[in-house]
Amino acid sequence: MSTYVFGHTTPDSDSIVGAISLSYLKNQLGEDTIPSRQGEINPETTFILNKFGYEKPLLKTNYADENVYLIDFMESSQSPEDIAKATILGIVDHHKLGDLKTTTPLEMWVRPVGCSNTIVKQMFDYYNIEIPKDLAGMMMCAILSDTVIFKSPTCTKEDTKACKELAKIAGIEDYKAVGMEMFIVKSDVLNATKRELVLRDFKDFNMGGEKIGIGQLEVVDLNVFDTMKEELFEAMKELKIEGERHSVLLLLTDIMLEGSQLLVLSDDIEKVENAFEVKLENQQAWLAKVMSRKKQIIPFLEKQF
Ligand code: MG
Ligand code: MG
Ligand code: MG
């Protein structure tokens with residue numbers, strides 16, 4: 001029986017590349033694994049797969065009675081619905097400790113670094129397994145994506161080190177230029193519906209029993225959103241109602257200005273204002289220096305619930 005390796009719902013580049021890289025490593029170690037994914041691939045990840053000649057992992061949303069490795073998440077809210085019926089053999093992640101439970105002992109590689117693929121790179125080194133050139137290129141891109149080309153406060157020395165070593169294996173000299181190319185692809189928000197944009201990098205969290213959905217769009221120029229704020233709010237409102245969410249937040253992150261415009265729909269606006277010590281105007285606020293949902297949004301919001 002094959003073991004499935006997959007990342008979170010609404011997969012990002014780290015989740016998709018991580019499924020591929022971790023599955024490759026495990027197979028080299030003699031296991032029988034298949035990379036899979038819980039949802040559609042975003043334009044940035046499509047760019048990465050095309051650039052390095054890889055296929056999308058298998059789309060699979062049910063995992064009852066399967067053996068699985070999880071990468072880039074460990075929250076039930078980002079898991080398949082039947083995760084409790086799967087056997088989790090291991091977790092490779094760089095997020096806060098989640099609420100998943102296991103019935104058997106498991107392998108865990110969890111580190112406070114900027115990207116899961118940094119950890120996978122360390123696993124390759126640990127087992128002394130060679131990384132194929134194109135896989136190294138994809139892992140490099142995943143690190144550049146998650147760390148916003150090293151600008152995110154989540155980025156550590158281990159990430160920059162892993163990224164540089166992967167670039168070398170991939171034969172890429174100017175890896176930051178590849179990162180910029182990737183973020184320009186990511187900045188194309190005109191060819192998608194507003195709902196698709198809000199959902200592009202969207203995660204649900206359980207905070208004190210309330211469901212909070214937080215989306216993030218990272219672009220090279222925030223002005224692209226100027227004419228679409230109202231429609232973004234409409235899409236957020238839809239998601240708030242149909243998902244019975246207490247709050248829906250959307251972070252519009254400008255990677256050049258290194259800050260985020262926060263859009264908020266909430267049953268308790270004050271909690272959000274208190275979390276970030278701001279007054280919302282038209283349900284919005286500019287959060288200077290805020291680039292990371294994981295490090296600069298979730299912990300502060302969680303304290304309010
Ligand atoms: Mg991720
Ligand atoms: Mg990640
Ligand atoms: Mg991210």
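In listed order, ligands and their atoms are each counted from 1. The residues of the chain are indexed from 1 along the displayed sequence. Any value given below was found using the heavy atoms of this structure, including those in side chains, with hydrogens, waters and symmetry copies removed.
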Using a 6.0 Å distance limit plus a 45 degree cone around the ring axis, check whether K85 lies over the aromatic ring of Y63.
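That pair does not qualify as a cation-pi contact.
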Could you please tell me which protein N, O or S atoms lie under 2.8 Å from the Mg ion (ligand 2)?
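N, O, S partners closer than 2.8 Å: D14 OD2, D72 OD1, H94 NE2, D146 OD2.
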Do you know which two heavy atoms are closest between T154 and S292, and how far apart they sit?
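Residues T154 and S292, closest heavy atoms: CG2-OG, 3.2 Å.
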Applying salt bridge (Lys or Arg N to Asp or Glu O under 4.0 Å) between R195 and each of E231, E242, E234, report the one that passes.
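Result: among E231, E242, E234, E242 is the only option passing the salt bridge (Lys or Arg N to Asp or Glu O under 4.0 Å) with R195.
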Side chains of K240 and S247, heavy atoms from C-beta outward: is any pair under 4.5 Å?
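When only atoms from C-beta onward are counted, S247 and K240 do not touch, as no gap falls below 4.5 Å.
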Is there a donor-acceptor pair closer than 3.5 Å between any side-chain N or O of S145 and the backbone N or O of C141?
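No, S145 side chain to C141 backbone: no donor-acceptor pair under 3.5 Å.
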Between E210 and R245, does at least one N-O distance fall below 4.0 Å, as a salt bridge requires?
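No, E210 and R245 are not salt-bridged.
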